[in-house]
Engineer: 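Below you will find the structure I want to go over with you.
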Amino acid sequence: MLDEHRSGRLTAWGNALIAGFAAPDDVADRITGEDASHRVTGLPGESGPVGLTLALGRLRALGATGLRLALPVPGHPLGLSGPPEFNDRAIDAGEAVVAVGVGLGLVPEVYEAGPAGDVHVEVLWHCLPVREAPPADVPSLSEAERELAEALRDATEALTRLDVAGSGPVAQAALEAYRARAARSAEVLAPGYPPRAVRVLQLAQRVGALLDIAYAPGDGEGREHGGAVSASEIAARAATLRPVERTARRAQVAAYNAVLEGSGRG
């Protein structure tokens, strides 16, 4: 549920570039990752799509002082500040990046082609006007860390009472995915991020692993929805997990935006 977002990579490595901690070509490679290509369309002064290196250089030349991550969902515009046109597109995508200081934002559109196991992925970032205002519902790192610790404790206790299955192939896969994400956290956040941001992101990913296990489908032996066997139990589980998921998403945004915290740019 809390896998690495492309907007997270763009935010982290874009901030490293703006701060002078990473070279442009290395930044473009890190953001692209395993995708075939990333291009940006709608950038001021450009008539068509351009590559990441040119796009990030242009944003910096226009006066961008940093990048912010947004991870909105319907009913929770986390990290957004408007206008409605940008918010709607960002909510549809479930993610976005805001360039602080220039009134512009980027929303990814993903194109996939090819058979399973050999999928060709291209990403087109749409550059759109945004409102220069404080982002919605983004906590500080210290707030996020405290809220995550409380959410992890409360969710673990509640899910234990609800008899959530903690074993089986789906649960083990979720745990392995968490361990892999935790091992990559320091690199994902890029040079220039404080250790506390890495710690908060790792804790958010740990909570994400718990959510994956809790939402896991049955194992073919009558155990479904992580062990729930009735509609009331499934509803109780959803009610328990919904605020936990919200807290984890807020913490992710706080971690990726940590380099702007306290600078007057966040």
Side-chain angles (χ1 to χ4, degrees), residues 4-19 21-22 27-28 30-31 38-46 49-50 52 54-110 123-141 143-144 188-190 192-193 197 200-201 204 246 249-266:
E4 178 191 3
H5 294 80
R6 291 180 174 87
S7 293
R9 293 204 305 264
L10 177 57
T11 298
W13 288 95
N15 280 329
L17 175 65
I18 291 171
F21 288 114
V27 166
R30 293 283 191 163
I31 295 170
H38 281 227
R39 296 179 68 77
V40 180
T41 188
L43 198 66
E46 298 295 334
V50 300
L52 280 173
L54 192 157
L56 289 170
R58 177 62 55 80
L59 289 174
R60 185 165 58 173
L62 288 170
T65 56
L67 301 179
R68 287 199 324 250
L69 173 64
L71 294 179
V73 296
H76 188 206
L78 176 62
L80 300 178
S81 56
E85 294 79 7
F86 181 79
N87 285 8
D88 290 345
R89 188 180 281 255
I91 289 171
D92 286 343
E95 57 180 300
V97 177
V98 174
V100 180
V102 294
L104 295 171
L106 303 166
V107 180
E109 185 173 5
V110 180
V123 179
L124 183 64
W125 295 88
H126 294 270
C127 184
L128 302 164
V130 299
R131 184 179 298 134
E132 289 281 3
D137 199 34
V138 178
S140 67
L141 267 180
E143 291 170 337
V188 168
L189 280 179
Y193 275 83
V200 168
L201 180 58
R246 183 186 181 105
R249 283 192 300 107
R250 292 178 76 240
Q252 273 194 304
V253 171
Y256 279 103
N257 296 353
V259 294
L260 303 182
E261 189 174 308
S263 67
R265 295 175 289 172

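Since this is a predicted model, take the numbers as computed values, not measurements. Index from 1, following the sequence. Values below: every heavy atom of this structure, side chains too, minus hydrogens, waters and symmetry copies.
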Engineer: What's the spacing between Ile31 CD1 and Arg6 CZ if we round to 0.5 Å?
Structural biologist: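 The distance works out to 12.5 Å.
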
Engineer: Is the closest side-chain heavy-atom distance between Leu106 and Leu59 below 4.5 Å?
Structural biologist: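 Result yes, sub-4.5 Å side-chain heavy-atom pair found.
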
Engineer: Between Val27 and Gly14, what is the shortest heavy-atom contact and its length?
Structural biologist: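 So the minimum-distance heavy-atom pair works out to CG1-N, 4.4 Å.
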
Engineer: Please report the closest heavy-atom contact between Ser81 and Pro134, naming both atoms and the distance.
Structural biologist: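 That would be CB-O, 3.8 Å.
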
Engineer: Report yes if the side chains of Glu261 and Leu141 come closer than 4.5 Å at any heavy-atom pair, otherwise no.
Structural biologist: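 Glu261 vs Leu141: side chains touch.
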
Engineer: Quick one: closest heavy-atom pair of Pro139 and Ala144, and the distance?
Structural biologist: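 So the two residues come closest at CG-CB, 4.0 Å.
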
Engineer: Are the side chains of Leu10 and Trp125 in touch, meaning some heavy atoms are under 4.5 Å apart?
Structural biologist: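 Touching, per the 4.5 Å side-chain cut-off.
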
Engineer: Under a 3.5 Å threshold, yes or no: a donor from one side chain and an acceptor from the other, between Asn15 and Tyr256?
Structural biologist: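 No, no side-chain donor-acceptor pair sits under 3.5 Å.
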
Engineer: Quick one: does Pro49's side chain get under 4.5 Å of Leu124's, heavy atoms only?
Structural biologist: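 Heavy-atom side-chain distance check passes, below 4.5 Å.
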
Engineer: What's the shortest heavy-atom distance between Ala258 and Ala197, and which atoms?
Structural biologist: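 Closest pair (atom of Ala258, atom of Ala197, distance): CB-CB, 3.8 Å.
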
Engineer: First locate atom CZ of Arg89, then atom CG of Leu80, and finally report the distance between them rounded to the nearest 0.5 Å.
Structural biologist: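 CG of Leu80 is found 13.5 Å from CZ of Arg89.
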
Engineer: Donor-acceptor check, side chain of Glu95 to backbone of His5, threshold 3.5 angstrom: yes or no?
Structural biologist: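 Not at all, since once roles are kept as given, no pair shorter than 3.5 Å links the two residues.
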
Engineer: Measuring from Leu71:CG to Arg250:CZ, what's the distance to the nearest 0.5 Å?
Structural biologist: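 Result: 12.0 Å between the selected atoms.
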
Engineer: Looking only at atom types and distance, does a side-chain atom of Arg58 sit under 3.5 Å from a main-chain N or O of Leu43, one as donor and one as acceptor?
Structural biologist: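 No: the side chain of Arg58 does not pair with the backbone of Leu43.
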
Engineer: Hey, does Leu56 have a side-chain heavy atom less than 4.5 Å from the side chain of Val40?
Structural biologist: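 Val40 does not reach Leu56 side chain to side chain.
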
Engineer: Tell me, do Arg68 and Thr11 make a side-chain contact under 4.5 Å, heavy atoms counted?
Structural biologist: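 With C-beta onward as the side chain, the pair stays apart.
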
Engineer: If you compare all heavy atoms of Ala12 against all heavy atoms of Ala190, which two are closest, and at what distance to 0.1 Å?
Structural biologist: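 Looking at all heavy atoms of both residues, the closest pair is O-CB, 3.6 Å.
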
Engineer: Would you say that Val98 contacts Phe86 through its side chain, given a criterion of any heavy-atom pair below 4.5 Å between the two side chains?
Structural biologist: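 Touching, per the 4.5 Å side-chain cut-off.
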
Engineer: Quick one: CZ on Arg9 to NE2 on His38, what's the gap to the nearest 0.5 Å?
Structural biologist: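 Here the rounded value is 5.5 Å.
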
Engineer: Is any side-chain heavy atom of Val138 closer than 4.5 Å to a side-chain heavy atom of Leu78?
Structural biologist: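 Yes, at least one pair of side-chain atoms sits under 4.5 Å.
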
Engineer: Looking at CD of Gln252 and CG of Leu201, how far apart are the two atoms once the value is rounded to the nearest 0.5 Å?
Structural biologist: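 Here the rounded value is 6.0 Å.
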
Engineer: Backbone N or O of Val100 within a donor-acceptor pair of the Glu132 side chain at under 3.5 Å?
Structural biologist: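 Not confirmed, Glu132 side chain does not pair with Val100 backbone.
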
Engineer: Let's go through Ile18 and Leu67 carefully: what are the C-alpha distance in whole Å and the side-chain angles of both, what is the deciding distance for side chain to side chain contact (heavy atoms under 4.5 Å, CB included) to 0.1 Å, and is it a yes or a no?
Structural biologist: CA-CA 9 Å; Ile18 291 171; Leu67 301 179; 4.2 Å; yes

Engineer: Which pair of non-hydrogen atoms, one from Ala64 and one from Ala99, has the smallest distance, and what is that distance?
Structural biologist: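 Taking every non-hydrogen atom into account, CB-CB, 4.4 Å.
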
